[in-house]
Amino acid sequence: MSESEAPPIAATSHPDVPRHVAIIMDGNGRWAAARGLPRGEGHRRGVEALRRTVRAAGELGIRYLTIFSFSAENWLRPKAEVQDLLGLLRRFIRHDLAELHSSNVRVRIIGTRDGLATDIRLLLEEAEQLTRDNDGLDLIVAFNYGARQEIARAARRIAEKAARGELSPEDVTVEEFSRHLDSPDLVDPDLIIRTSGEQRLSNFLLWQAAYSELVFLPVYWPDFDRAMLEQALEEYRRRERRFGGLVARTGS
Ligand code: IPE
Ligand code: IPE
Ligand code: MG
């Protein structure tokens, strides 16, 4: 790589609070199974944990919060569970949108809307439109999202531009590629948290996670609360971010 082509880094290097936190909200099913409850009950309690987390994130000074709510691969689950999850998304937007808006939260959705039911597409659109001018916490909902699919979509958009003669192969740099992802203006996540004890990314933000700090917590998502978020932030503060260099950089 040439000197002029430094890799993009998260806009924050090491402030006390990460600017962008992304969460893989995992373990709803096991939370329910441990209590002899149906998996759907775990998902319902998971929505309560999400409400707590959005509030806490704003209070703790996090600027961007991305949550993995439904993956492109979650369609593989039994039809009834998929319906349950879609129903919860509908209810979350219908019941919580007004409150999110009055709390100055800006909602954005990443993932593809192709193939989604029309009413869900309209709800996602409404959430983005209503809150587009808010400048408090940015809540990015990864819904019907897969990172490989996002990267493939970006490659397709670039190929289309190239075919139209608007781009040439040498224009395709890391920065140019990033501009074709679902949320081009978003800084990379400083911290990615996954609950449930699993230690994998499951096709979440693969491009953006290049230099993210990863924190895996041994709790199921419905039990997640402000104290656990603070614990993850504490762990983040102990990490030294180097971005391939020798010392942690300061400033952006
Ligand atoms: C996370 O909990 C919610 C979604 C993936 C939609 P899970 O449903 O994956 O719960 P576990 O991992 O099976 O316990
Ligand atoms: C990742 O969890 C997706 C979400 C949290 C929405 P999964 O439960 O789908 O991931 P795997 O299958 O355990 O890797
Ligand atoms: Mg899971």
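For ligands, and for the atoms within them, numbers begin at 1 and follow the listed sequence.
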Looking only at atom types and distance, does a side-chain atom of [X] sit under 3.5 Å from a main-chain N or O of [Y], one as donor and one as acceptor?
X	Y	result
Ser212	Ile192	no
Thr195	Asp26	yes
Thr173	Glu176	yes
Arg35	Trp31	yes
Ser71	Asn74	yes
Arg106	Asp135	no

- Message: Please confirm whether Gly27 approaches ligand 1 to less than 4.0 Å, judged on its heavy atoms.
- Response: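 It does, in that a heavy atom of Gly27 comes within the 4.0 Å cut-off of ligand 1.
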- Message: Would Ser69 count as a contact residue for ligand 1, given that I'm defining contact as a non-hydrogen atom of the residue lying under 4.0 Å from a ligand atom?
- Response: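 For ligand 1, residue contact (heavy atoms, under 4.0 Å) with Ser69 is present.
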- Residue part near ligand 1, for Glu73, under 4.0 Å between non-hydrogen atoms: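 No part of Glu73 comes within reach of ligand 1.
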- Counting heavy atoms only, which part of Glu198 comes closer than 4.0 Å to ligand 1: side chain, backbone, both or neither?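 For Glu198, no heavy atom sits under 4.0 Å from ligand 1.
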- Message: Strictly inside 4.0 angstrom of atom 9 (O) of ligand 2, do you find any protein heavy atom?
- Response: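 There is a protein heavy atom less than 4.0 Å from atom 9 (O) of ligand 2.
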Which residue owns the protein heavy atom closest to [atom], what's the atom, and how far is it?
atom	value
atom 13 (O) of ligand 1	Arg39 NH2, 3.0 Å
atom 2 (O) of ligand 1	Asn28 N, 3.1 Å
atom 1 (C) of ligand 1	Met25 O, 3.0 Å

- Query: How long is the span from the CD atom in Gln149 to the OG1 atom in Thr112, to the nearest 0.5 Å?
  - Reply: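 Here the rounded value is 9.5 Å.
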- Can you tell me how far the CG atom of Leu86 sits from the NZ atom of Lys79, to the nearest 0.5 Å?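 Answer rounded to 0.5 Å: 11.0 Å.
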Under 4.0 Å to a heavy atom of [X] - the qualifying atoms of ligand 1, by number:
X	result
His43	3 (C), 8 (O)
Arg30	11 (P), 12 (O), 14 (O)
Asn74	5 (C), 6 (C)

- Message: I'd like the name of whichever of Phe68, Trp221, Tyr145, Phe143 reaches closest to atom 4 (C) of ligand 2 through any heavy atom.
- Response: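 Answer by nearest heavy atom: Phe68.
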What atoms in ligand 2 come closer than 4.0 Å to a heavy atom of [X]?
X	result
Phe70	6 (C)
Arg200	11 (P), 13 (O), 14 (O)
Arg77	7 (P), 8 (O), 9 (O)
Ser202	10 (O), 11 (P), 14 (O)
Asp26	2 (O), 8 (O)

- Task: Considering just N/O/S atoms, say which atom of Asp26 is closest to the Mg ion (ligand 3).
- Result: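 Asp26's closest N, O or S atom to the Mg ion (ligand 3) is named OD1.
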- Passing candidate, salt bridge (charged side-chain N to carboxylate O under 4.0 Å, His left out) with Glu240, options Arg237, Arg238, Arg242: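 Option passing the salt bridge (charged side-chain N to carboxylate O under 4.0 Å, His left out) with Glu240: Arg242.
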- Determine whether the side chains of Arg45 and Tyr220 contain a donor N or O and an acceptor N or O closer than 3.5 Å.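 No, no side-chain donor-acceptor pair sits under 3.5 Å.
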- Between Ser202 and Arg194, a side-chain donor and acceptor under 3.5 Å: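 Note: Ser202 and Arg194 side chains meet the donor-acceptor criterion.
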- Applying a 4.0 Å heavy-atom criterion (strictly less than), which segment of Phe204 is in contact with ligand 2: side chain, backbone, both, or neither?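 The answer is neither.
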- Should the pair Tyr145 and Phe204 be assigned to parallel (<30°), tilted (30 to 60°) or perpendicular (>60°) ring geometry?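 Plane angle over 60°, so perpendicular.
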- Query: Quick one: does Trp31 get an N or O within less than 3.5 Å of an N or O on ligand 1?
  - Reply: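 No, there is no polar N/O contact under 3.5 Å.
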- Mind checking whether Gly29 has an N or O less than 3.5 Å away from an N or O of ligand 1?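 Such a contact does occur with ligand 1.
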- Message: Check for me whether Arg77 meets the cation-pi criterion with Trp75, that is, NZ or CZ under 6.0 Å from the six-membered ring centre and within 45 degrees of the ring axis.
- Response: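 Geometry flag: not set, cation outside 6.0 Å or 45°.
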